[in-house]
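In what follows, a structure is listed as C-alpha cells, so that the remarks can point back to it.
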Protein chains: 2
Amino acid sequence: MDKDKIDKKDHILDVAERIFAEMGFDGASTRMISGEAGVNMAMLNYYFGSKEGLFLAVIERKITSFQNILQNIGNAENISAWGKIESYIEIYGERVVNNNCFQKLLYQEMSMNRRTELSDKIRNILMNSVSELFKILQDGIDSGEFKKDTDVQMVVATMYGTKNFVVNTPLMSSTMLGYDIQDDKVLEEQFKPRIKTYLKNLFKAYLVNENDNSK
Amino acid sequence: MDKDKIDKKDHILDVAERIFAEMGFDGASTRMISGEAGVNMAMLNYYFGSKEGLFLAVIERKITSFQNILQNIGNAENISAWGKIESYIEIYGERVVNNNCFQKLLYQEMSMNRRTELSDKIRNILMNSVSELFKILQDGIDSGEFKKDTDVQMVVATMYGTKNFVVNTPLMSSTMLGYDIQDDKVLEEQFKPRIKTYLKNLFKAYLVNENDNSK
DNA sequence: AGACACTAATCAATCGTTTGATTAATTTTG
DNA sequence: CAAAATTAATCAAACGATTGATTAGTGTCT
C-alpha cells in the first residue's frame, strides 16, 4: 500500500532529524542513519537522492508547518502590540519544547557559512518570522505603546538567542538552572512556563512605556 | 632558534581555530588545516598527537586567558551591583568582537553531547564566569537594588544567548541588522557599542528597582 | 510483462593516521 | 674546535578504514 511507503519515509526523516541534530551534518553518516532507521543504505539515495537531499528533506518537512503561524498574530486587529508580543512568546515557548531537536538542527546549519544554497533557504524562511516580529515591534513604537529608543533588531536577537542557548547547550543550561533540561517532563512542567514568564517580564520592562505622567 | 618552533605551533593553532570554527570539528579535515597552515600533514600528529588533540590544544590555549577576568569585578567593594553588571557588559562586549571565532568554536562544541571529557572541561570553565554573574545578581537582589522576582539564571542565559546568536549566525544577523557583522570595522564601530548599549538598557529595565515612591 | 520497491555488493574518494627516509639542529666526544 | 653521534623536525607516500554514492540484480505487486 502507498501508506507504508510514506510511513517509511517519515520514519527515516524522524531518525535522520534526531541524528543530524545530535551529530551535526558531517558527524552523522548515512550508514548510521539507515542502520538506526532499519532500512538499507541505498534507500536513502533512492528516496532523497543524496545525503544533502535527505538533510534538506528533514528541514523542509518541518519548515512548512513553521510558516503562517505568526502572520495571524501580526494581522490581528483588536490586540495591543504588547498583547501580540505576549502571544508570540506563548507560541514560541510551546515550540521550544516540542521541536527542540529540529531547532538545534536549524541553528547548527546557520552557524556554518558554507552550503550557501541551503543556508540561504533557511535564512529566508526564518526571516519571515523575524519580519513579523519587526512589524509588531515597530507598530508598538509608532503608536507610543513601546519606548522610542527600542532596539527592535536586538530584541529579536535576544528572543531567539535566549531560547537557542538553553536548547542548544542542554548540559550547560542544566548545570545553570539546576534541573535536567533534557528530561521531557522537566522541560514541559518547569522550563516551559519559566521561559515564558521570564521573556514576558524581560520585554515588558524593556519595551512598554509606563502609564505615568512624566514628560 | 626556539622562537620559530613556538611560532609555528601557534600558527597552526591559529589556522586550526579558524577552520574548526568555520567547518566544525567533523567538517574540518586535517589536510585542509595543514594545507592552509602551510605545513606537512604529519606535523599535526607530530605536534598534537591527533586531530582531537589539536582541537583540545586550540581550546586550552584560549581558555587560560579566559579565567580570572571577571572575579575582579565581582570582588570590587565600592561599586553598586548595577555598576558591576555594567562593567561586565563592557568587558563582555569587548571579548565578543575580538574572540568571536573562538566563541563560535566553544559554543559548537557545547552543542554536541558527545566527547564528554572535553565538553565537561569547557562547561566547568564557563561555569566559573556564570557563577560570578550569579553572585553579583543575587547580591543586588539581597540589597534591594534589583527586583525581587529577578530570574537570575535566565538573565545569564539571555546575556550569553543574545551574543551567541549574533556571533554564531552572522549571515542571519547581518540580514537582520542591516549591515555586515563579519566586517571587522562594522563589528568594531557599529555593533560593539550597539550591543553594549542594548544590553545595559535591557537589563537596567528588567533588573533595577526604580527610585519611585510606590509601595 | 513491466513499473516499482528493495537489497547486497561494490565503487572511487576521502578520511585520520603511520611509516620510513631525509634534513636540520643539538650534544657528545676526541 | 671539529668530527661523530644523537635528537628533533620535516617530508612524501602509503596505510586501512570509512565516507557517500552507484550498480546490478531480486522480488513484488498490478
Side-chain angles (χ1 to χ4, degrees), chain A residues 1-60 105 108-109 112 114-119, chain B residues 1-61 105 108-109 112 114-118:
Chain A
M1 198 188 282
D2 197 32
K3 187 81 179 311
D4 291 344
K5 194 187 69 181
I6 295 176
D7 283 351
K8 190 171 227 171
K9 283 181 80 167
D10 246 41
H11 173 61
I12 294 176
L13 289 172
D14 285 338
V15 173
E17 181 179 322
R18 199 189 74 241
I19 295 186
F20 275 138
E22 280 173 3
M23 325 278 286
F25 181 81
D26 296 297
S29 76
T30 55
R31 279 169 179 80
M32 187 181 300
I33 294 172
S34 61
E36 200 131 342
V39 301
N40 189 280
M41 219 176 54
M43 295 312 294
L44 302 189
N45 293 310
Y46 180 71
Y47 282 137
F48 307 102
S50 68
K51 184 188 184 183
E52 188 154 335
L54 170 61
F55 187 78
L56 205 117
V58 167
I59 290 189
E60 283 187 334
L105 190 57
Q108 242 174 56
E109 177 53 32
M112 313 257 189
R114 64 202 165 116
R115 283 200 301 280
T116 54
E117 171 202 14
L118 177 54
S119 290
Chain B
M1 200 188 278
D2 196 31
K3 188 82 179 308
D4 291 343
K5 193 188 70 181
I6 295 177
D7 284 350
K8 188 169 229 169
K9 282 181 81 166
D10 246 40
H11 173 62
I12 294 176
L13 288 173
D14 285 338
V15 173
E17 181 180 321
R18 200 189 73 241
I19 294 186
F20 275 138
E22 280 173 1
M23 323 280 287
F25 180 81
D26 297 298
S29 76
T30 54
R31 282 172 177 78
M32 186 181 301
I33 294 172
S34 61
E36 199 130 341
V39 301
N40 188 277
M41 224 173 43
M43 297 311 295
L44 302 189
N45 296 77
Y46 179 74
Y47 281 136
F48 306 104
S50 66
K51 184 187 184 182
E52 188 154 336
L54 171 61
F55 188 77
L56 205 117
V58 167
I59 290 190
E60 283 186 335
R61 181 177 64 147
L105 191 56
Q108 240 173 57
E109 178 53 32
M112 312 256 190
R114 62 197 167 122
R115 282 200 300 279
T116 54
E117 172 204 14
L118 178 55

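Chain letters run A, B, ... following the sequence lines, proteins first and then strands; every chain starts at 1.
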Please report the closest heavy-atom contact between [X] and [Y], naming both atoms and the distance.
| X | Y | value |
| --- | --- | --- |
| Ala28(A) | Ile33(A) | CB-CD1, 4.5 Å |
| Leu44(B) | Thr30(B) | CD1-O, 3.5 Å |
| Asp26(B) | Asp26(A) | CB-CB, 3.6 Å |

How many angstroms lie between atom [atom1] of [X] and atom [atom2] of [Y], to the nearest 0.5 angstrom?
| X | Y | atom1 | atom2 | result |
| --- | --- | --- | --- | --- |
| Lys9(A) | Phe48(A) | NZ | CZ | 5.5 Å |
| Met43(B) | Lys8(B) | CE | NZ | 6.0 Å |
| Met41(A) | Met32(A) | CE | CE | 13.0 Å |
| Glu36(A) | Arg31(A) | CD | CZ | 15.5 Å |

Atom [atom1] of [X] and atom [atom2] of [N]: how far apart are they, to the nearest Å?
| X | N | atom1 | atom2 | answer |
| --- | --- | --- | --- | --- |
| Lys51(B) | dT17(C) | NZ | P | 8 Å |
| Phe20(A) | dG20(D) | CZ | C1' | 11 Å |
| Phe25(A) | dC15(C) | CZ | P | 14 Å |
| Phe48(A) | dG20(D) | CZ | C1' | 15 Å |
| Ile19(B) | dG16(C) | CD1 | P | 11 Å |

Legend entry - Short side-chain N/O contact to dC6(C) OP1/OP2 from Lys8(A), under 4.0 Å: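 Indeed, a polar side-chain atom of Lys8(A) lies that close.
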Legend entry - Phosphate OP1/OP2 of dA9(D): any Tyr47(B) side-chain N/O under 4.0 Å: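 Negative; the distance criterion is not met.
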When you compare the protein's N or O atoms with those of nucleotides 11-14 of chain C, which come within less than 3.5 Å of each other, and at what distance?
none

Inset, instruction - Check whether NZ of the Lys or CZ of the Arg Lys51(A) lies under 6.0 Å from the centre of the six-membered ring of Phe25(A) and within 45 degrees of that ring's axis. - result: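 Positive - Lys51(A) is close enough to the ring of Phe25(A) and near enough to its axis.
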Inset, instruction - For the residue pair Phe20(B) and Phe55(B), categorise the inter-ring angle as parallel (less than 30°), tilted (30 to 60°) or perpendicular (more than 60°). - result: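 Taking Phe55(B) first and then Phe20(B), their aromatic rings stand perpendicular (interplane angle over 60°).
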Inset, instruction - Starting at the 5' end of nucleotides 24-30 of chain D, put B wherever the base has a protein heavy atom under 4.0 Å, S where only the sugar-phosphate does, and a dash everywhere else. - result: -------
Legend entry - Residue among Leu54(A), Val39(A), Ile12(A) satisfying side chain to side chain contact (heavy atoms under 4.5 Å, CB included) with Ser34(A):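 For Ser34(A), the side chain to side chain contact (heavy atoms under 4.5 Å, CB included) test succeeds with only one of Leu54(A), Val39(A), Ile12(A), which is Val39(A).
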Inset, instruction - Flag the pair Asp14(B) and Arg61(B) as a salt bridge only when some basic side-chain nitrogen lies within less than 4.0 angstrom of an acidic carboxylate oxygen. - result: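 Yes, this pair counts.
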Inset, instruction - Could you list by number each residue of residues 39-46 of chain B showing a heavy-atom separation from DNA chain D of less than 4.0 Å, or answer none if no residue does? - result: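 Nucleic-acid contacts, sorted: Asn40(B), Met41(B), Ala42(B), Met43(B), Tyr46(B).
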Inset, instruction - Could you check Thr30(B) against Gly38(A) and say which one's nearest nucleotide on DNA chain C is further toward the 5' end? - result: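 Taking each residue's closest nucleotide, the earlier one in sequence belongs to Gly38(A).
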